[in-house]
Amino acid sequence: MSVSRPVRTGLAVALLASAAVACGDAGGLRGAGSTPTATSPARLWPQLTPASSPAWNIDEADTEVVKGVTVPGDDLRKVDPVAIVRVEIAAHPKDYRGPTAIYRDTTARMAACTSKPADGKAADGEAAAGKATGPTADADADTTAAGTCPVLQPYYRDLTGDGRVDLTLGFRLLPGDAPDLTAVRVYTVDKHRLLRVMAWEDAVSAVELAGRSVIIRSPSDLADYEYRLQWTWDPEQKAMLLTHDEMLRTHHGQRPGRPSPTTTATAGPSSTADPSPSPSPSVTP
């Protein structure tokens with residue numbers, strides 16, 4: 001025999017009342033203590049004339065059309081990522097060519113790159129199945145090994161909000177002034193042209209894609225701390241702007257987890273596997 005709604009309601013009230021009595025809680029509101037007094041910001045040196053120009057140029061909103069690389073059907077997955085890096089190397093011979101060039105080893109190891117233009121379709125957020133990283137398509141491949149292609153696995157995601165995937169590309173800068181330097185680039189398509197909308201070089205701990213943003217984590221000189229820089233697409237400037245630059249404490253010195261090439265960001269000349277619905281990946285060189 002089923003219990004009617006009024007009876008069930010009465011039983012529920014009785015059970016709640018008995019539970020409150022058993023716990024010694026009268027059920028009344030209790031204060032959480034005094035509320036801290038709000039303090040407004042105090043402006044220092046109001047007599048100073050506000051600066052009208054930046055002290056350093058970090059190339060904000062610096063974009064560049066990549067000449068010599070076509071985008072078939074405006075689909076970046078059909079563009080050879082290695083060809084893009086070769087064009088950048090050719091455009092900066094002082095940095096890459098000759099025995100005294102700072103990144104001469106990057107040029108020497110480009111011969112090991114065997115990627116081909118993508119001719120398949122990749123779902124948004126999927127990792128590449130090509131060979132931009134040399135013998136393996138693993139984004140964590142040892143790119144400092146002799147003969148290993150310095151171009152890392154490319155990733156594809158719509159960062160500009162136009163409904164088409166954009167390309168996030170990284171390659172190692174060898175030997176460089178500092179160890180473990182990595183170049184990070186973002187490309188989109190504008191008027192059927194390949195357009196670079198972000199460029200950064202740093203000692204990289206991890207790279208993440210989140211929404212319309214690229215996040216780069218780098219080690220600091222302080223133990224258990226890291227730098228976190230975030231670039232976000234700005235539709236007015238039509239570029240990735242540096243929107244966050246901060247130093248954060250890591251979790252007892254632990255770095256972010258290893259990436260999964262088949263999570264939200266897509267990579268490389270594509271395969272047809274569906275991406276995992278897990279959070280945005282980290283690409284750890």
Side-chain angles (χ1 to χ4, degrees), residues 32-66 88 91-92 94-96 101-103 157-162 166-173 175-188 190 195-256 280 282-285:
S34 60
T35 303
T37 302
T39 302
S40 61
R43 182 180 178 185
L44 307 185
W45 307 303
Q47 72 277 13
L48 286 179
T49 302
S52 59
S53 60
W56 298 280
N57 180 17
I58 61 172
D59 296 329
E60 293 184 16
D62 182 27
T63 62
E64 181 179 344
V65 174
V66 181
E88 179 165 336
H92 301 87
K94 187 175 181 180
D95 294 332
Y96 293 97
I102 187 172
Y103 305 133
R157 172 184 281 191
D158 180 9
L159 296 173
T160 61
D162 62 359
D166 302 297
L167 168 62
T168 303
L169 181 61
F171 58 96
R172 303 303 299 272
L173 298 173
D177 288 334
D180 300 325
L181 279 179
T182 302
V184 179
R185 307 285 187 261
V186 175
Y187 301 90
T188 189
D190 179 67
L195 180 68
R196 192 194 69 204
V197 293
M198 176 199 151
W200 189 254
E201 298 85 31
D202 207 341
V204 172
S205 300
V207 180
E208 303 166 359
L209 299 181
R212 301 280 185 256
S213 299
V214 177
I215 300 170
I216 299 179
R217 300 177 185 270
S218 301
S220 77
D221 293 332
L222 299 179
D224 298 343
Y225 283 84
E226 69 178 3
Y227 293 107
R228 180 186 182 274
L229 286 76
Q230 177 175 327
W231 282 262
T232 303
W233 173 254
D234 187 290
E236 294 185 2
Q237 297 295 329
K238 296 187 179 300
M240 303 289 291
L241 300 185
L242 181 59
T243 53
H244 294 80
D245 183 355
E246 54 190 345
M247 176 181 282
L248 300 175
R249 185 173 178 83
T250 61
H251 299 292
H252 304 292
Q254 295 179 357
R255 290 184 177 182
S280 301
S282 301
V283 181
T284 308

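Please read all numbers here as calculations on a predicted model, not as lab measurements.
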Quiz prompt | Interatomic distance, L48 atom CG to R43 atom CZ [nearest 0.5 angstrom] | solution = 8.5 Å
Exercise. Could you tell me the separation between the CG atom of D224 and the CZ atom of R249, rounded to the nearest 0.5 Å?
Key: 5.0 Å
Exercise. Write down the atom of Q230, the atom of S213, and the distance for their closest heavy-atom approach.
Key: NE2-OG, 3.2 Å
Quiz item: Between T250 and E226, is any side-chain donor less than 3.5 angstrom from a side-chain acceptor?
Solution: no
Practice problem: Could you tell me whether the side chain of T63 and the main chain of A239 form a donor-acceptor pair under 3.5 Å? | Solution: no
Quiz item: Will you find, in the side chains of R172 and T182, an N or O donor that is under 3.5 Å from an N or O acceptor?
Solution: yes
Self-check item: Taking every non-hydrogen atom, the tightest pair across P175 and I102
Solution: CD-O, 3.4 Å
Quiz prompt | Non-neighbouring partners of Y103 that pass ring pair (Phe, Tyr, Trp, His ring centres under 6.0 Å), sequence neighbours left out | solution = Y96
Quiz item: Does E208 pair with R217 as a salt bridge, N-O distance under 4.0 Å?
Solution: yes
Quiz item: Taking all non-hydrogen atoms of both residues, which atom of P219 and which atom of A203 are closest, and how far apart?
Solution: CD-O, 3.3 Å
Quiz item: How would you list, by chain and number, every residue that makes a side chain to side chain contact (heavy atoms under 4.5 Å, CB included) with E246, sequence neighbours excluded?
Solution: R228, L248
Quiz item: Between M247 and S220, which heavy-atom pair has the shortest distance, and what is it?
Solution: CE-CB, 3.9 Å
Show the atom names and distances, to 0.1 Å, of all donor-acceptor pairs under 3.5 Å that link a side chain in residues 34-41 to residues at least two apart or in another chain.
none

Quiz item: If you look at every heavy atom in G211 and R157, which pair is closest and at what distance?
Solution: N-NH1, 3.2 Å
Self-check item: Which residues share a side chain to side chain contact (heavy atoms under 4.5 Å, CB included) with S218, sequence neighbours left out
Solution: D202, I216, Y227
Quiz prompt | Pairs meeting criterion side chain to side chain donor-acceptor pair (under 3.5 Å) with involvement of residues 44-56, two or more places apart | solution = none
Self-check item: W231 side chain near V184 side chain, heavy-atom distance below 4.5 Å
Solution: no
Quiz item: CG of L173 to CG of D180: how many Å apart, nearest 0.5 Å?
Solution: 11.0 Å
Quiz item: Side chains of I215 and L229: closer than 4.5 Å at any heavy-atom pair?
Solution: no
Quiz item: Who are the side chain to side chain contact (heavy atoms under 4.5 Å, CB included) partners of D162, not counting sequence neighbours?
Solution: D158, T160, R164, T188
Exercise. Please report the shortest heavy-atom distance between A61 and Q237, naming the atom on each side.
Key: CB-OE1, 3.9 Å
